[in-house]
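What follows is a set of notes on a single structure, which appears directly below.
Remember, it's a predicted structure, so these values are computed and weren't measured experimentally. Residue numbers begin at 1 in each chain, while the letters A, B, ... track the order of the sequences.
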2 protein chains.
Amino acid sequence: MVARYERIAAELRDDILGGAYPVGSQLPSEAELAARYSAARGTVRQAIAVLIAEGLIGSRQGARRVVLGNTPSQSFAELHSFAQWAKANGLRVGGRVISQTPRAARGAEAERLACGEVLEVLRLRTLEGEPVLIERTVYAGWIAPAVAALPPDCDSVTQALYDSVGLVFAYGEHLIDAVAAGASDARLLGVRRGSPLLRQRRITTTYEGRPVEWSDDRYRAGSVTFSIRNSIGSNPLVRQAGDLRLGD
Amino acid sequence: MVARYERIAAELRDDILGGAYPVGSQLPSEAELAARYSAARGTVRQAIAVLIAEGLIGSRQGARRVVLGNTPSQSFAELHSFAQWAKANGLRVGGRVISQTPRAARGAEAERLACGEVLEVLRLRTLEGEPVLIERTVYAGWIAPAVAALPPDCDSVTQALYDSVGLVFAYGEHLIDAVAAGASDARLLGVRRGSPLLRQRRITTTYEGRPVEWSDDRYRAGSVTFSIRNSIGSNPLVRQAGDLRLGD
DNA sequence: CAGTGGTCTAGACCACCAA
DNA sequence: TGGTGGTCTAGACCACTGG
């Protein structure tokens, strides 16, 4: 069951990506679109909110909406899983578990993951055969057995945990910065010690807000880039969650 | 004139940040909130969409909404301006222009900025007196005169351009990755050559989608962190614009 | 000033989750 | 099965942009 506004959004998106509305041009008014699609104004607004959130169009009170871009942007949804992101981009992903260690929670881990026992897993991930990512993931105790039961060459942990125990990685917070490669980072990724790595630390929770994992992921410089689109203004449907923070 | 839904959102936000609804707990139903605030359901939903976009609460069909976090998150709006972000965080910002060069657009610049003549400005920015950021900004020709007229120690270019010519930096796209410090980066930031820098390349446009600037900003490692909150699921009001990309 | 998007209402039906 | 959030409608008024 695809919602009406989703179909309208899809049509408008195709029009924009297809060049019917060039960058800088104006979209038809809400009233026109409502008539064209025989939908209520609210439904059209919902469709437009989707495109605004994708960064394709801009909006402000009193003026016609403007096309800002014509490059498709995937949602951050894929950011939850390296494997799913790679697959969506048609890339061959691989990897293996380097080490897997049950231990007591240390420092802030106990609070962050809301548990005392954790499972630490170190994985090396490859893209098109090249090592690009080191994942140091700490899983909460309650999910540790399911993680430990996975095969060491499992390509998508997210998918595997969904299939095996129905776990959904629903929400995430990500902290992104740059760090120098340590000795083990350098050896595993095949770069020199001290060379720059893009670090993404994230905490993931279930739909209920229960913490699942805390991970420190380090990408080889040049292998991947984060992309964000934003806008100022008071339009609440546009607002992005995220900001620049002080260094830890 | 503050909208009704903004005030409702503010009240709910205060309740969450104040601990009235702990992380993991459930929010009242839409019907309850509508009654409490004497507002229509749609208005309450709009308020809730704000909090969802801030990453404070999660939502899915059929289940009560859940509190996901209780740390305030500024919008990406501040990401448009280093000075405004710093000010919002109570930090003292400084900086100076290192060089300023009018020249012809090179390579992809002409297309990206939709102009032939550009102004390249190199700035060093400081936070609490410490150098943390190098900005290499290329301004489109049409705004170059206004930029050139700014004082060399101008703290907020965004603010100054708004005051002087009414220019608004309305939309932005940001590409974030890690690079090694080059010779001049290292000298200006006071770090060793080859040490990791967090790079944020961005293109900024007006409300009309007209490109204003293209910038390559490099932060000293450890000085700042990007933070992003996301969620999976089909809720259109939640969707974030942004994704992980292949290296350039 | 006309046109446009932003806000708000009141009500309806449906899909989904949990008990 | 009852309650909840997701979708959709039809209409109203207001704030703002632009000529």
Side-chain angles (χ1 to χ4, degrees), chain A residues 1-10 12 25-53 57-68 166 168 170-171 206-210 231-239, chain B residues 1-10 12 25-53 57-68 166-168 170 206-210 231-239:
Chain A
M1 185 55 187
V2 179
R4 177 94 149 176
Y5 76 88
E6 285 283 11
R7 271 176 289 148
I8 297 176
L12 286 173
S25 67
Q26 296 186 333
L27 245 53
S29 71
E30 290 181 358
E32 270 178 77
L33 291 173
R36 178 185 310 177
Y37 294 110
S38 308
R41 197 180 152 214
T43 306
V44 170
R45 282 180 65 80
Q46 224 172 338
I48 285 173
V50 172
L51 303 182
I52 291 176
I57 65 181
S59 183
R60 63 174 170 153
Q61 190 171 90
R64 277 287 250 276
R65 295 195 174 89
V66 174
V67 177
L68 295 177
V168 176
Y171 304 105
T206 64
Y207 275 123
E208 293 78 29
R210 190 179 193 191
S231 76
I232 64 164
S234 61
N235 189 325
L237 302 181
V238 186
R239 220 163 278 165
Chain B
M1 185 56 187
V2 180
R4 181 74 172 265
Y5 75 87
E6 285 283 10
R7 273 176 287 146
I8 297 176
L12 286 173
S25 67
Q26 295 186 334
L27 244 52
S29 73
E30 289 181 359
E32 269 177 80
L33 292 173
R36 177 185 311 177
Y37 294 109
S38 308
R41 199 182 149 210
T43 306
V44 169
R45 282 179 65 80
Q46 225 173 336
I48 285 173
V50 172
L51 303 182
I52 291 176
I57 65 181
S59 183
R60 61 173 172 154
Q61 190 171 93
R64 279 286 250 273
R65 295 196 173 90
V66 175
V67 177
L68 294 176
L167 177 69
V168 176
T206 65
Y207 275 124
E208 294 77 29
R210 192 179 191 192
S231 76
I232 64 165
S234 61
N235 189 327
L237 301 179
V238 185
R239 219 164 279 164

Any B/R65 side-chain nitrogen or oxygen under 4.0 Å from OP1 or OP2 of D/dG5: yes
Rounded interatomic separation in angstrom, taking OH from A/Y207 and P from D/dG6: 11 Å
Spatial distance of atom CD (B/Q46) from atom CZ (B/R41) [nearest 0.5 Å]: 13.5 Å
Under-4.0 Å side-chain N/O to phosphate OP1/OP2 contact, A/T43 with D/dT9: yes
Candidates D/dG18, D/dC8, C/dT9 - which lies nearest the side chain of B/R4: C/dT9
A/A40, nearest nucleotide to its side chain (from C/dC8, D/dT9, D/dC8): D/dT9
Of B/E208 and A/A39, the one whose closest DNA chain D nucleotide lies more 5': A/A39
From CA spacing to verdict: side chain to side chain contact (heavy atoms under 4.5 Å, CB included), A/T43, A/I8: CA-CA 9 Å; A/T43 306; A/I8 297 176; 4.2 Å; yes
A/R60 vs D/dG18: side-chain N/O to OP1/OP2 distance below 4.0 Å: yes
Spacing of A/I48 atom CD1 relative to C/dG6 atom C1', expressed in whole Å: 12 Å
Between C1' of D/dC13 and CD of A/Q61, the distance in whole Å: 12 Å
A/Y37 OH - D/dC8 C1' separation (whole Å): 17 Å
From D/dT17, D/dG5, C/dC8, nucleotide with atom closest to B/Y5 side chain: C/dC8
Integer-rounded Å distance: D/dG18 C1' and A/R64 CZ: 12 Å
Separation of C/dC16 P from A/M1 CE (nearest whole Å): 10 Å
N or O in side chain of A/R41 less than 4.0 angstrom from D/dA10 OP1/OP2: no
Separation of A/E6 CD from A/M1 CE (nearest 0.5 Å): 11.5 Å
For atom CD of A/E30 and atom P of C/dG3, their distance in whole Å: 16 Å
Heavy-atom check, side chain of A/L27 versus side chain of A/I57, under 4.5 Å: yes
Short side-chain N/O contact to D/dT7 OP1/OP2 from A/Q46, under 4.0 Å: yes
Backbone N/O of B/Y37 and side chain of B/R4: donor-acceptor pair under 3.5 Å: yes
Whole-Å distance separating the CZ atom of B/R45 from the C1' atom of C/dA10: 15 Å
